[in-house]
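Okay, structure first, notes after.
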Amino acid sequence: MIDWFFRVGLKRIEAAVTSDVTAAIKDYSPAHLPVVKAIAVECGIIDTLNELLEWDEQQCNLSPADRLLALIMNALTEGQPMYRLPTFFEGTDVENLFGEGVEPTDLNNHACARALDKLADAGEKTVLSTVFLRAASNEQLSHNVLHADTTTFSVQGLYEQDDEDDTPLNITKGYNAGNNRQLKQFKAGLGVNRAGVPVIGQILDGNASDKTWNTELIGKLDEWIDTDQPPIYVGDSAVFTEKTLNRAAEHNIDIITRVPRNYNAVDALIDRAWEHDDWADVGVMSETRDEEDAASYKVQSFQQTFHDEHELRCVVVHSSSLDGRTERRIENELDDTEDDLEDAVGRLTDRSFECEADAHEALAEWIEDHDHRCFEIDTEVVETEEKKSRDGPGRPPKDWEPYKTVYKIAADVRRDTAAIEEWKSQQSCFVVATTLEKDEEWSDEAILTEYKKQQIVERRFPVLKDPKRVGPVFVERPDRVKALGNVLLIALLVYSVIERRARQALVDADEPMELAGGPTSFRPTGRRVLERFENMRVVEVDGTRVLPDNVDVPTRVLDFLDLSVEIYGVEDTGESNDDVAA
């Protein structure tokens, strides 16, 4: 019995000791969250939000900026619904991220929803424009060129709204790139500089017109961009409308855009370029110029007047390769034309003519109606005999000739391979229009190069819509949906600054940056930069945070971002166990 009590007592002592040790040692996996916070702080986002949003510092455990920062961190990581934020932040060292005494449960959906309400009350446009302006100033961003575009976000739920109600956001069905008309949606308009950093962002109604948005934005650029010289506005064909051209002229804003194919002037300009044949070779424009399948370009330009008053320089661009959609359209059109011609030939060859002159006249009319540049039609008028038809019954007379001489048309249709290739080559042309005069800075090649950089803004959208980061929108109220959309735009700002800092640091580097999994790159995406911090761990012993010896700290990446390991709450000893700096 005594032995039994001894063993039980010993176990209790061991458990107590273990409990004390466990309580004294805490293990965190913050990953890249301290990086996100550090960039948000250095861009002035936290101070700006706390300054513009109404809140009581004495009453609030967490500032609204901290709660919105939690949403930003979530958006740039897993994209959990707000009700799962406490679970998301478990084990991430929230005290280092948000302050002493903060628990994951403090970052609940109610607290974050109230922060969204405060953002909505402050006026999203005022807040967002101020955030972007201060970030641009802190990061010394250039605004001489602006690339603009829109995208859509699908939402889950009915979102029933009164048409007469002045709702902050009209969530409704509308057109989208996926051609999915079943789900309701809202839209986001985005303007970025040449580095892809957002300088303009707006959350729009689900049925908002891209053309209208471009027109209105051009008239209000001075509200978003603090510069004496307005930027050059680059956009897709939605920019090319009479109203937008008028608005740009009123505000002395130069534009670069693509002329829609439904303008008759496009085909006329392409034909003119083909006739002049005075192309300037541009070559391959891919970022990786060694790609074998990369398209090669050549250009020539002409002046053209649109809408009776806008004389634009139109750069006709020829690409060595067709995009897949145009290729399929051409093949379908050729198939349909070939079927129509074969049917028409069948009807033509069934006809008979009494004299050769009539046959030649009918053939000439038929060829005029059915001539096609991509098909060769071989025709011939031939003399033949055709059985007569009698008008009445009975035995025919002895001198009856059962056959008569008639003239018929023989025809054969086949594809003209050389003509088809030439037509495809012309169809691979498009027209880029600009109000900029041709000079050393803005040559035809420079205009094409800037227009092709429109991909910069298009590549920002997948970051916002990556299901691993953002996922479906579950917020119920339209005003909160709009506020959350603006938080996503701020998250994109943080992401883009991270990407820009890394790429700028690598411009003069001798060695590329090592990516997670083994590859290397001189131009890593923001996602690839953040991935380098996935395995970061911090151990807290008796209130002091240290890095375990087995943690591979990406010190070189921190240097690229102009940050130090101190953002993890540990002392910077200056030691590096990352890859050797270039």
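Pairs of residues two or more places apart, or lying in two chains, never qualify as ring-ring contact (aromatic ring centres under 6.0 Å, His included) while including a residue from residues 500-559. Listed by first and then second residue, the salt bridge (Lys or Arg N to Asp or Glu O under 4.0 Å) pairs involving residues 85-94 are Asp93-Arg545 (not counting sequence neighbours). Applying the salt bridge (Lys or Arg N to Asp or Glu O under 4.0 Å) test to pairs two or more places apart or on separate chains, those with a residue in residues 119-147 are Glu51-Arg134, Lys125-Glu223, Glu139-Arg500, Glu139-Arg501. Among pairs with a residue in residues 91-149, those fulfilling ring-ring contact (aromatic ring centres under 6.0 Å, His included) read Phe89-Phe98, at least two apart in sequence or across chains. Identified under the salt bridge (Lys or Arg N to Asp or Glu O under 4.0 Å) test for residues 101-113, with sequence neighbours left out: none.
Between Lys220 and Glu216 there is no salt bridge, since none of the side-chain N atoms of the basic residue sits less than 4.0 Å from a carboxylate O of the acidic one.
Evaluation of the side chain to side chain contact (heavy atoms under 4.5 Å, CB included) rule for Ser29 yields Arg537 as partners, not counting sequence neighbours. Partners of Asn535 under the side-chain hydrogen bond (donor to acceptor under 3.5 Å, both in side chains) rule, at least two apart in sequence or in another chain, do not exist in this structure. In terms of the side chain to side chain contact (heavy atoms under 4.5 Å, CB included) criterion, residue partners of Pro260 (sequence neighbours excluded) are, by chain and number, Ser237, Phe240, Asn262, Tyr263. Scored by the salt bridge (Lys or Arg N to Asp or Glu O under 4.0 Å) test, Arg67 finds no partners at all (sequence neighbours excluded). Partners of Asp236 according to the salt bridge (Lys or Arg N to Asp or Glu O under 4.0 Å) rule, which considers only residues two or more places apart in sequence or in another chain, do not exist here. Remark: Arg194 engages Glu450 in a salt bridge (Lys or Arg N to Asp or Glu O under 4.0 Å) (not counting sequence neighbours).
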Show me the donor-acceptor pairs within less than 3.5 Å that the side chains of residues 247-256 make with the rest of the protein, sequence neighbours left out.
{"unit_1": "Arg247", "atom_1": "NH1", "unit_2": "Thr215", "atom_2": "O", "d": "3.4"}
{"unit_1": "Asp254", "atom_1": "OD1", "unit_2": "Thr435", "atom_2": "OG1", "d": "2.8"}

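Evaluated for a side-chain contact (heavy atoms from CB on, under 4.5 Å) with Ile200, the options Asn193, Leu190, Leu146 yield exactly one hit, Leu146.
Side-chain contact between Pro64 and Asn50 is present, with heavy atoms from C-beta onward closer than 4.5 Å. Inter-residue side-chain proximity for Leu116 and Asp479 is flagged as unmet; no heavy-atom pair is nearer than 4.5 Å.
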